[in-house]
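Remember, it's a predicted structure, so these values are computed and weren't measured experimentally. Every heavy atom of this structure was used, including side-chain atoms; hydrogens, water molecules and symmetry mates were not. Naming: A, B, ... by sequence-line order, numbering from 1 per chain.
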Amino acid sequence: MAQAKFQTHHGMVDILPGESEKWQYLERIIRETAAEFHFSEIRTPVLEPTELIARGIGQLTDIVSKEMFSFSRGETNYVLRPECTAPVARAYVQHHLDQRGGAQKLFYIGPMFRAERPQKGRQRQFHQFGAELIGTDSPIADVEIIRFMMRIYEKIGLTKTTLMINSVGDPESRAAYKTALQDYFRPQLSELSEISQQRFETNPMRILDSKEDEDQKFIEDAPLITDFLNEACAQHYAEVKQYLGDSGIIFVENPRLVRGLDYYTKTAFELISSDVGSQDALGGGGRYDLLIEEVGGKPTPAVGFASGIERLMIACEALGIPLGEEPALDVYVVTRGEAAQRWAMDAITQIRKLGKSATMDFSGKSIKAQFKDADRQNSRFAIVAGDDELKSGSFNFRDMSDSTETPKTLAEILDILR
RNA sequence: GAGCCCAUAGCUCAGUCGGUUAGAGCGCCAGGUUGUGGCCCUGGAGGCCGUGGGUUCAAUUCCCAUUGGGCUCCCCA
């Protein structure tokens, strides 16, 4: 097809009528569930200080090193947020949310931006919902976050998923593990893929994430983080698994699960679907006990998750799970003549005041065309107004589903609709 | 950053082994029913065959470039 003069940027999509209803439906479920769990919504700006994202997520991550949309005006550096945990942490510190007392339960829904090559399940502007529970290191909080996430998928009907969990330890455990990993990989360093060789120094844990063929045979026998957890981390991990089990949540332990953001400590988890193509992570999260301090707050433990809405939709589509419906119209007023149009303008106003939806023809189309329009808009009723009806005050009130038509005054119609 | 595929009507797609006016289904508009939708019938609008260049008497078709799109690797939601 001919290319339009102006189009969306690469990897950015319009959500059109027919699609937007699905978004509203999903957002409604997310908000409902948040209310049940008593998470409060937080809305942060789409633009954040570059430094916040770089520090929060980690300079060496893919997101920060190559996927940020950023620009400067004068001395100020802006980024379109690539995720929302660091911004929420920033808001928590900036507005002293700890002073509200107790642990804070926050959720968000909104667009995120990463400058990657788009493909199925990956866009440059995409949408996430997520939650953060800030101010407690209890493993119950970890489980609360996971239960919140899982409950949303459950309500939507997307149960064909796998929850993977792991513990990535705290700095002490990780230092011990890092040394062990380097000791393990050092003898075969030259045989590793180029990218893994780079990661050997900077972040050897990410080698485990590698999908390069030449790395696989080494990764298989590499030491596991779970064997290097100190007492506190091991205990925490055991309790998380215990409480998950108590909650009836089925999970798979994956000792090689490493998340791509630097701020995670202890618990890490990921929800996988085999129905979204090669980008199979529906959502993920974990504990980040060091982040709040990293962005300038007091040391504050926290745990959270983020899920991709587009991927959720792809999975639902693949599994035939319905997401919301086209909204029906209550009343379409069919008119003939200018006087009738004026009457209709008033009639639809009165119908709308009842909380019912109503519309009319604006362009003087034929009666037939107007009925066709009413049908297309899935209208439940039609009112026919012409000169005769205006004179008598009696209008044909048509039930579009069975084509029955009875004469009614407007007052009677309003009564029926009420 | 790398690889593969694709581009003809609003949508899904035929088609031209290079040859006068480029097709279908669906959708849209109108008529059949001078005031009645969904089914049916008839008609109509709508394409410089993504853009630029090359080869040729002739290009939507072949070649090159470019733009846009899709998928994959990497990584992530």
Side-chain angles (χ1 to χ4, degrees), chain A residues 1-13 16 18 57 60-67 81-85 109-130 149 193-196 198-199 206 209-213 215 258-261 270-273 276-285 305-315 329 332-337 340 361 363 365-389 395-405:
Chain A
M1 110 208 63
Q3 286 163 29
K5 189 168 191 172
F6 296 111
Q7 353 189 357
T8 51
H9 277 121
H10 203 207
M12 311 216 165
V13 304
L16 303 173
I57 298 177
L60 300 172
T61 58
D62 288 340
I63 292 176
V64 172
S65 61
K66 59 182 192 196
E67 297 169 3
R81 62 182 183 195
E83 58 96 56
C84 214
T85 297
I109 305 176
M112 309 296 158
F113 304 83
R114 294 183 197 173
E116 296 185 277
R117 274 298 277 272
Q119 58 184 277
K120 189 177 186 184
R122 170 184 293 160
Q123 295 164 194
R124 290 184 156 191
Q125 174 173 344
F126 61 105
H127 298 78
Q128 289 187 330
F129 62 91
M149 178 177 85
S193 65
E194 198 179 330
I195 182 142
S196 291
Q198 285 168 19
R199 286 171 176 169
R206 290 283 301 286
D209 239 1
S210 166
K211 281 165 187 138
E212 305 289 329
D213 286 340
D215 295 342
V258 180
R259 311 223 67 239
L261 287 64
E270 209 163 278
L271 190 67
I272 305 296
S273 164
V276 291
S278 68
Q279 309 306 319
D280 63 354
L282 288 174
F305 83 92
S307 279
I309 298 182
E310 285 84 356
R311 290 185 187 178
L312 168 55
M313 286 181 163
I314 292 169
L329 174 67
Y332 189 108
V333 183
V334 174
T335 59
R336 197 164 81 133
D361 167 58
S363 44
K365 284 198 279 218
S366 70
I367 300 281
K368 176 176 176 162
Q370 291 184 59
F371 269 98
K372 213 171 168 178
D373 199 22
D375 184 53
R376 189 166 27 214
Q377 298 195 47
N378 208 359
S379 191
R380 292 171 56 214
F381 299 105
I383 300 173
V384 188
D387 290 338
D388 296 345
E389 288 84 352
F395 302 86
N396 283 337
F397 184 59
R398 185 184 182 89
D399 184 327
M400 295 292 284
S401 61
D402 60 13
S403 301
T404 57
E405 204 163 286

*Mind calculating the distance between CD (A:Q279) and C1' (B:A77) to the nearest angstrom?*
9 Å

*Go through residues 307-314 of chain A and report each residue with a non-hydrogen atom lying under 4.0 Å from RNA chain B, sorted by number.*
A:G308, A:R311

*B:C57 and B:C71: how far apart are their C1' atoms, nearest whole angstrom?*
42 Å

_Rounding to an integer number of angstrom, what distance separates B:U61 and B:U72 when you compare their P atoms?_
30 Å

*When the ring planes of A:F397 and A:F381 are compared, do they come out parallel, tilted or perpendicular, using 30° and 60° as the limits?*
parallel

*Quick one: do A:D375 and A:K372 make a salt bridge, cutoff under 4.0 Å?*
no

_Taking B:G44 as the reference, what is the distance to B:U51 when you measure between their P atoms (whole Å, please)?_
27 Å

*Could you tell me the separation between the CZ atom of A:R376 and the C1' atom of B:U36, rounded to a whole number of Å?*
15 Å

_Applying a 4.0 Å non-hydrogen cut-off, can you work out what A:E83 is touching in the nucleic acid: base, sugar-phosphate, or nothing?_
nothing

_The criterion is side chain to side chain contact (heavy atoms under 4.5 Å, CB included); which residues satisfy it with A:S379, sequence neighbours excluded?_
A:L329, A:Y332, A:A374

*For residues 117-128 of chain A, which residue pairs qualify under salt bridge (Lys or Arg N to Asp or Glu O under 4.0 Å), counting only residues two or more places apart or in two chains?*
A:E116-A:R122

_Nearest-nucleotide pick for A:K365, side chain only, options being B:U36, B:C74, B:C29_ = B:C29

*Would you indicate what A:E389 reaches in the nucleic acid, counting non-hydrogen atoms under 4.0 angstrom: base, sugar-phosphate, or nothing?*
base

*Please examine the side chains of A:L312 and A:S307, heavy atoms only from C-beta on, and report whether any two atoms are closer than 4.5 Å.*
no

*Output the single nucleotide from B:C71, B:U36, B:A77 whose closest atom is nearest the side chain of A:K120.*
B:C71

*d(CD, A:E116; P, B:A77) in whole Å*: 10 Å

_Distance between C1' atoms of B:C62 and B:U56 (Å, rounded)_ = 10 Å

*Could you state the CZ-C1' distance from A:F371 to B:G32, rounded to the nearest angstrom?*
18 Å

*Do the side-chain N or O atoms of A:H10 get closer than 4.0 angstrom to the phosphate oxygens (OP1, OP2) of B:G69?*
yes

*Could you state the atom-to-atom distance from CD1 of A:I272 to P of B:C76 in whole Å?*
11 Å

*asked:* Taking side chain to side chain contact (heavy atoms under 4.5 Å, CB included) as the definition, give me every residue that meets it alongside A:R336, ordered by chain and number, with sequence neighbours left out.
replied: A:I367

*asked:* Rounding to an integer number of angstrom, what distance separates B:C13 and B:G70 when you compare their P atoms?
replied: 14 Å

*For A:T404, which residues count as a side chain to side chain contact (heavy atoms under 4.5 Å, CB included) partner, sequence neighbours excluded?*
A:D399, A:D402

*asked:* Rounding to an integer number of angstrom, what distance separates B:A65 and B:C6 when you compare their P atoms?
replied: 15 Å

*Residues that A:F126 engages under ring pair (Phe, Tyr, Trp, His ring centres under 6.0 Å), provided they are two or more places apart*: none

_As an exercise, state the distance from CG of A:D280 to CG of A:L271, rounded to the nearest 0.5 Å._
10.0 Å

*Round to the nearest Å and state the distance from A:M400 atom CE to B:U36 atom P.*
13 Å

*asked:* Checking A:F371 now: which residues fulfil ring pair (Phe, Tyr, Trp, His ring centres under 6.0 Å) with it, not counting sequence neighbours?
replied: none

*For A:E83 and A:Q128, test the side chains for any donor-to-acceptor distance below 3.5 angstrom and give the result as yes or no.*
no

*Distance, rounded to the nearest Å, where A:M12 contributes CE and B:G69 contributes P*: 11 Å

*Is A:Q119 near enough to B:U72 that one of its side-chain N or O atoms lies under 4.0 angstrom from OP1 or OP2?*
yes

*asked:* Let's test your reading of the pairing rules: Watson-Crick or G-U wobble, both distances under 3.5 Å, then write RNA chain B as a dot-bracket string with ( ), [ ], | and dots.
replied: (((((((..((((.....[...)))).(((((.......))))).....(((((..]....))))))))))))....

*So what does A:G130 touch, heavy atoms closer than 4.0 Å: a base, only the sugar-phosphate, or nothing?*
nothing

*asked:* Taking any heavy-atom pair under 4.0 Å as a contact, classify A:S401: base, sugar-phosphate, or nothing.
replied: base

*A:Q370 CD to B:U34 P: how many Å, rounded?*
15 Å

*asked:* Restricting to ring pair (Phe, Tyr, Trp, His ring centres under 6.0 Å), what partner residues turn up for A:F113, sequence neighbours left out?
replied: none

*What distance, rounded to whole Å, do you find between the two C1' atoms, one in B:G27 and one in B:G38?*
15 Å

*When you compare B:G52 with B:A59, how far apart are their P atoms, in angstrom units rounded to a whole number?*
14 Å

*asked:* At 4.0 Å (heavy atoms only), tell me whether A:K368 reaches a base, stays on the sugar-phosphate, or touches nothing.
replied: base

*Report which part of the nucleic acid A:D373 touches: base, sugar-phosphate, or nothing (heavy-atom distance under 4.0 Å, all strands).*
nothing

*Earlier contact from the 5' end, RNA chain B, for A:R336 and A:R117*: A:R117

*In terms of side-chain heavy atoms of A:Q128, which of B:G38, B:A77, B:U36 is nearest?*
B:A77

